[in-house]
Amino acid sequence: MRFDTLAIHGGQEPDPQTGAVNVPVYLTSTYAQKAPGETKDGYDYARTKHPTREVLERSLSALEGGAGALAFSSGLGALTTLLWSLSKGSRVLACDDLYGGTYRLFEHARRTWGLETEYLDMSDPERVVKWLRKGGVQMVYMETPTNPLLRLSDIDAISEASREAGATAVVDNTFATPYFQRPLDLGADIVLHSTTKYLGGHSDVVGGALVFREKATYERLKWLQNAAGAIPGPLDCYLVLRGIRTLGLRMRAHAKNAEAVARALEAHPKVERVLYPGLPSHPQHELAKEQMSGFGGMVSAELKGGLEASKLFLSKLHYFFLAESLGGVESLVEAPALMTHMSIPKAEREKRGLTDGLIRFSVGVEDPDDLVEDVTRALG
Ligand SMILES: *Cc1c(COP(=O)(O)O)cnc(C)c1O
């Protein structure tokens, strides 16, 4: 099956009982048993097993080409559960540009149970390979493209080095989505998603997911999904499934519009620099062409005049709502240092190149001419 077909049919079949083409939203927390311990197909309690969630999980697994997937109440719920699979004192090597909440969680795990996370600029895979050769790392955590600097990690090279070092390679694929990038095909072990973003696609649900290359890892985490309990509700599962059905259509429009906005920004004299993997000026444009089949809908930029210029610009936009989050059909814009990434200390942000004036665009699927006009008008 090709992607657009997979998004509609992968892991999904008409309801066997009625033929309903949409999966029923089973609003139940428990199931009647025939005799004590005698359940119908293992359905005993909804945290453990839920039919609407199972369809979402099968769909997610099909999209990423995995051996199984698990759905969670949020992206961070997925990460929390994943971190619980590590033993005390484990070492993680993470890329140094990360979603703010991901960084906050790694640092919390350091303080509470001694998880040792080291952050490394992963744009040069050789640096990662050298680091891993020293040994002792249990998990390598990549976000690619990163939030918000849109840096790339070479998934193939870093996954191979992780395997040699006996570490699990994890990729946060929230920005690219499986439509543009399939980390498991490139050798990664686990894919993480905030389904809140492009998979849901309509800014109406918060959710997360993990997808696994190997059945054994899936089984281990499935046990933890139930034990830790960060599961999504049935209606949330349905909303993510509904979003998934149009993922290809939306991602093509997001990428086309993002490229138009990125080019307009780059050509404007008031813009200092534009970060978009699809631009030839992006330092990893070649790698982007290799490991992604498109460049996504996220664009970051710095204006001349820093934070003050950014604030003025943000106040003048019409179609881009000033809001956290991303990946919905409507265009959003934000200042990461003051919003999504505020949980990273300023000194740490600056070390990574995340300036106070940086602006992050989540380019929606409106008419690209309107979006370009809006941005150009606001630059004045
Ligand atoms: C939003 C986001 C997360 C966290 O997901 P939630 O659903 O908000 O918990 C993780 N990674 C990336 C790249 C994100 O953008």
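Both counts, for ligands and for their atoms, begin at 1 and track the order of listing. The shown structure was predicted, so the numbers you read here are calculated from the model rather than taken from an experiment.
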For Asn147, which part has a heavy atom under 4.0 Å from ligand 1: side chain, backbone, both, or neither? side chain

Tell me yes or no: between the side chains of Asn147 and Arg360, is some donor less than 3.5 Å from an acceptor? yes

Check this for me - ligand 1, Leu76, N or O atoms closer than 3.5 angstrom, yes or no? yes

Where do Met122 and Val140 land on the side-chain contact (heavy atoms from CB on, under 4.5 Å) test, with the steps shown first? CA-CA 10 Å; Met122 292 195 179; Val140 177; 4.0 Å; yes

Tell me: protein heavy atom nearest atom 11 (N) of ligand 1, and distance? Asp172 OD2, 2.7 Å

Does one hydrophobic cluster hold both Ile359 and Leu150, with members joined at side-chain heavy-atom distances below 4.5 Å? no

For Gly207, the ligand 1 atoms with a heavy-atom partner under 4.0 Å come out as 7 (O)

Got the closest protein heavy atom to atom 2 (C) of ligand 1, with its distance? Lys197 NZ, 2.5 Å

Think Arg352 forms a cation-pi with Tyr119, using NZ or CZ under 6.0 Å from the six-ring centre and within 45 degrees of its axis? yes

I'd like to know if the side chain of Ser362 reaches the main chain of Leu326, judged simply by a donor and an acceptor atom lying under 3.5 Å from each other, with no hydrogens or angles considered. no

Does ligand 1 come near enough to Glu143 that some N or O of the ligand is less than 3.5 Å from an N or O of the residue? no

Arg47 side chain to Asn226 backbone, donor-acceptor under 3.5 Å: yes

Could you tell me whether Ser194 and ligand 1 have an N or O pair separated by under 3.5 Å? yes

How far is atom 4 (C) of ligand 1 from its nearest protein heavy atom, and which residue and atom name does that atom have? Tyr99 CE2, 3.4 Å

Phe295 six-ring centre to Lys256 NZ/CZ under 6.0 Å and within 45° of normal: no

So is there a nitrogen or oxygen of Gly75 less than 3.5 Å from a nitrogen or oxygen in ligand 1? yes

